[in-house]
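Below, all heavy atoms of this structure are taken into account, side chains as well, without hydrogens, waters or symmetry copies. Convention: sequence-line order gives letters A, B, ...; per-chain numbering from 1.
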Protein chains: 2
Amino acid sequence: MENNKKDTFRSIPTIKDVAIAAGVSLKTVSRVINNSDNVRPETREKVLAAIKAIGYQPNAIARSLRVKKTYTIGVIIADITNSFYSAIVRGIEDVAVSKNYSVLIANSDEVLKKEKLYARVFVEKQVEGMIIVPASGSQKYLENLAGHLPLVFVDRYPEGISAPVVKVENEKGAYDLTSHLLDHGYEEIAFIGYEPALTTAQERFAGFQKALQERGLKPRPELIKTGNKTVLDAYHATEEVLKQPRRPQAIFAANNFMMQGALRALNHAGLEVPRDVAVVGFDDFEMADAFRPRLTVVSQPAYTIGREAACLLFSKMENRSGGAEAVVLPTELIIRESCGCLRRKLEHELRFR
Amino acid sequence: MENNKKDTFRSIPTIKDVAIAAGVSLKTVSRVINNSDNVRPETREKVLAAIKAIGYQPNAIARSLRVKKTYTIGVIIADITNSFYSAIVRGIEDVAVSKNYSVLIANSDEVLKKEKLYARVFVEKQVEGMIIVPASGSQKYLENLAGHLPLVFVDRYPEGISAPVVKVENEKGAYDLTSHLLDHGYEEIAFIGYEPALTTAQERFAGFQKALQERGLKPRPELIKTGNKTVLDAYHATEEVLKQPRRPQAIFAANNFMMQGALRALNHAGLEVPRDVAVVGFDDFEMADAFRPRLTVVSQPAYTIGREAACLLFSKMENRSGGAEAVVLPTELIIRESCGCLRRKLEHELRFR
DNA sequence: CTGTTAGCGCTTTCAA
DNA sequence: TTGAAAGCGCTAACAG
């Protein structure tokens, strides 16, 4: 009966079946598959023919167990649905593919508990390295969990653990964006921010503040709304800010979710950008350029962040040496129209007509 | 020397190390880990303590080899960077996670050769099922490759193989969108389309055509531009269409890339939407609502597509029975402003002021 | 309730 | 150039 099973269900052929079919030993088949050692051409042909004939597919799991190499890395991001992270993932995948690696992916939704769970699963599945967008809280757990498994963090600094980070000049980007608004003469700027425990949020706020301070200004507390998690939160935060007796002249949206919320609230309030209030955002996205008015933003090289992170990871995986401890990529101020540059241009045109 | 290695590098602890540390047998440890059989509480404690003490992590690869189960599925999409696909992936992942599965992901970029390669790698890595957005060409190769591995296709029909598909009512969606344009009185409609070999493209074009035919109209050939792969292609196609002696009154963008290209070309040509030309697109996206004017689109339930596909896959994985052979999800016409409804509204307001 | 033995599919000695 | 045997880390049988 036990043997029947093999015959009736025609179980998946193994290297052994190939060996029998070709009339050679297991090792010879193995050699042909990995073309590792010298094999006599005729023998090789015989083996190849047998492989074709019985439809043999190597079992990477068995191979992995033996050679202790899975050719797989793990990636944990906040949410693949956010275009910033999906671009990062694409960057990672492209370098992974070029090294014949696969990638396991998971969404933490900024929840540390999920991050921990996925990290553990990935470690158990013997990934050879992990790239993580750390949720707020401590990543100390990875010390025991991942041992000496190569790790690279992305977008933000982790807490309680030291490992390379690939990130962006958040403070400078926010400073540039705010300064540009200030150049327009807008001094009453609302700040729509997200989770303040995240280092990116802190850096961006610092840049915002620095630009104001430099001109002897300081933020009006009632215009600072942090801790928004969703587009809807940002929508409500913007609504509140617009209800202030002295309406802000401009809005600084700290990421693309905040931007969406702000834009919708403005739209809903019947306010026109930039005529009634100017808007700028941190993080560019595909459609920002097709918008009316076109959105002024600071762009982050998301795809490059992914590539750099993956390159760093692979360099750590290949030689156990350290490599860079942080890669800080530049942001770029992309001036379009929502900051008020449209209005300026129109005024200019009207004047000279 | 060989043994030294184990000691100096403190190799990863195995179940055997735990057994020795706890003074029990391998099997007992295994039982505790999987809490499969009854184990005396004291023994269990002893084992648990040993696991903690030496920092043991189960090796899922070894386990997989033994039980022939990897708790992993493979997903091959066109491009994770496209918000439509990233939403699908999120849907898939959410159900995978709920079943304790991980997902391996790869981007085919609509290139059959890449699709084949990734499919093979995933099969070798013993995924228990695959969800694929099939590239144009034939998926017949999967018959030999995947054997009886459960397969679900998504977004479009594959060729040369029969397996369940989760897709959307493309023809009806395109029909609705076009009819709405026609209701506005626009009869000269340009069609900016993508790869015509894809079944979605065919269905959408069919819907477009059907709506015209129903009113005794037919498309002007010089306004039909298919085969655009990128946003830039769509940009150029739209430019050409706008150069026609009789400019179209409206543009139908067949997916969100086409939409972007069209919008940019319009913007660049200094044409205002919908005053100068109306625009509608197939596939909604996050920002469509924050646009000025707000974009009229047919929305596809991308996240749900992913969920449905995953549910179907798991049902195939669990019982070998067939399950549904196709799930066709409804589209929704979301009327905003870019179709001309804004103009109408304004005209109405002006008239009654 | 616990232990022994065999073996998943593959590669790596080591020997022929 | 080829083969036999051992073992990667784990679990399924089968005893005890």
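Rounded to whole angstrom, the span from the NZ atom of A:Lys69 across to the P atom of C:dT12 amounts to 12 Å. Rounded to a whole Å, the CD1 atom of A:Ile33 is 7 Å from the P atom of C:dC10. The separation between B:Ile15 atom CD1 and D:dC8 atom P is 13 Å, rounded to whole Å. Atom pair B:Leu26:CG and C:dA6:C1' shows a separation of 12 Å (rounding to whole Å applied). Put simply, CZ on B:Arg31 is 11 Å from C1' on D:dA12, counting in whole angstrom units. The distance between atom NZ of A:Lys46 and atom C1' of D:dG3, rounded to the nearest whole Å, is 13 Å. Remark: P of C:dT11 and NZ of A:Lys16 are 16 Å apart, rounded to the nearest angstrom. At whole-Å resolution of the value, CZ in A:Arg40 and C1' in D:dT2 are 9 Å apart.
With axes fitted over five pairs at each extremity, the angle between the ends of the helix from C:dC1-D:dG16 to C:dA16-D:dT1 is 40° (10° resolution).
Taking the side-chain contact (heavy atoms from CB on, under 4.5 Å) definition, one finds that A:Thr200 meets it with A:Asp155, A:Arg156, A:Asn170, A:Tyr194, A:Leu198, A:Arg204, sequence neighbours left out. In terms of the side chain to side chain donor-acceptor pair (under 3.5 Å) criterion, B:Lys116 has no residue partners (sequence neighbours excluded). Applying the side chain to side chain donor-acceptor pair (under 3.5 Å) test to A:Arg90 and every residue at least two apart in sequence or in another chain returns A:Asp94, B:Asp79, B:Asp109.
Applying the salt bridge (charged side-chain N to carboxylate O under 4.0 Å, His left out) definition to pairs two or more places apart or across chains, those involving residues 49-73 of chain A are A:Lys69-A:Glu128. Screening residues 47-66 of chain A for ring-ring contact (aromatic ring centres under 6.0 Å, His included), with sequence neighbours left out, gives no hits. Residue pairs that meet the ring-ring contact (aromatic ring centres under 6.0 Å, His included) test with at least one member in residues 94-145 of chain B, sequence neighbours left out, are B:Tyr71-B:Tyr101, B:Tyr101-B:Phe314. Annotation: salt bridge (charged side-chain N to carboxylate O under 4.0 Å, His left out) contacts involving residues 140-152 of chain A, sequence neighbours excluded, comprise A:Lys140-A:Glu143.
Contacts between residues 56-67 of chain B and DNA chain C, counted as heavy-atom distances below 4.0 Å, involve B:Leu65, B:Arg66.
Salt bridge status for B:Glu318 with B:Lys99: present, with a side-chain N to carboxylate O gap under 4.0 Å.
In terms of phosphate contacts, B:Ser25 brings a side-chain nitrogen or oxygen within less than 4.0 Å of OP1 or OP2 of C:dG3. Neither OP1 nor OP2 of C:dC10 sits under 4.0 Å from any side-chain N or O of A:Ser30. Between A:Thr43 and D:dT1 there is no side-chain polar atom (N or O) within less than 4.0 angstrom of OP1 or OP2.
Paired with A:Glu308 under the rule side-chain contact (heavy atoms from CB on, under 4.5 Å), one option of A:Leu313, A:Ile88, A:Val166 passes, and it is A:Val166.
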